[in-house]
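One structure is given here, and the rest of the page talks about it.
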Amino acid sequence: MANGTSKFGNVWILLLCILSGLTVGYFIGNLCDHISYLEWMNYTGTFGLDQPIQVNLGVLWFSIQVKFNITLAAVIGMLLGIALYKKI
């Protein structure tokens, strides 16, 4: 590329914008939880594994559990992060 950035580098910038938007949106949603007319921003959808998956290989034992708590404000923040990426 002419400007020195590769397509792979752009993916990392997009991922950083999305994760930053999710984090800031989640934080704002938690702040809005105490305001009566903004409680809807902290509406949470939870999905993932309730019980961890356990693998025992004799010598190596590990467990995996993934659970996501996504708020409406976090989704809005993610969309704003994508919009910010498109502006960059």
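Positions are given from 1, in the same order as the sequence printed here.
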Taking it one step at a time, do Tyr85 and Asn10 satisfy side chain to side chain contact (heavy atoms under 4.5 Å, CB included)?
-> CA-CA 9 Å; Tyr85 171 75; Asn10 290 339; 3.4 Å; yes

Thr46 and Asn69: side chain to side chain donor-acceptor pair (under 3.5 Å), yes or no, with the steps?
-> CA-CA 5 Å; Thr46 303; Asn69 292 328; 2.9 Å; yes

Measuring from Thr44:OG1 to Asn30:CG, what's the distance to the nearest 0.5 Å?
-> 7.5 Å

Between Gln65 (side chain) and Ile53 (backbone), is there a donor-acceptor pair under 3.5 Å?
-> no

Could you tell me whether the side chain of Trp40 and the main chain of Tyr37 form a donor-acceptor pair under 3.5 Å?
-> yes

Residue Gln54 excluded, over 12 heavy atoms near CD under 6.0 Å | yes

Heavy-atom closest pair (Glu39 atom, Asp33 atom, distance to 0.1 Å) is CG-O, 3.5 Å

Hey, could you give me the CE/CD1 distance between Met41 and Ile28, rounded to the nearest 0.5 Å?
-> 6.5 Å

Correct closest heavy-atom pair for Gly25 and Ala73 would be O-CB, 3.2 Å

Show your reasoning for whether side chain to side chain contact (heavy atoms under 4.5 Å, CB included) applies to Ile70 and Phe47.
-> CA-CA 8 Å; Ile70 303 293; Phe47 60 94; 4.0 Å; yes

Test item: Ser36 side-chain N/O and His34 main-chain N/O as donor-acceptor pair under 3.5 Å = no

Matching residue for Ile18 among Leu84, Leu79, Ile82 - test: side chain to side chain contact (heavy atoms under 4.5 Å, CB included) = Ile82

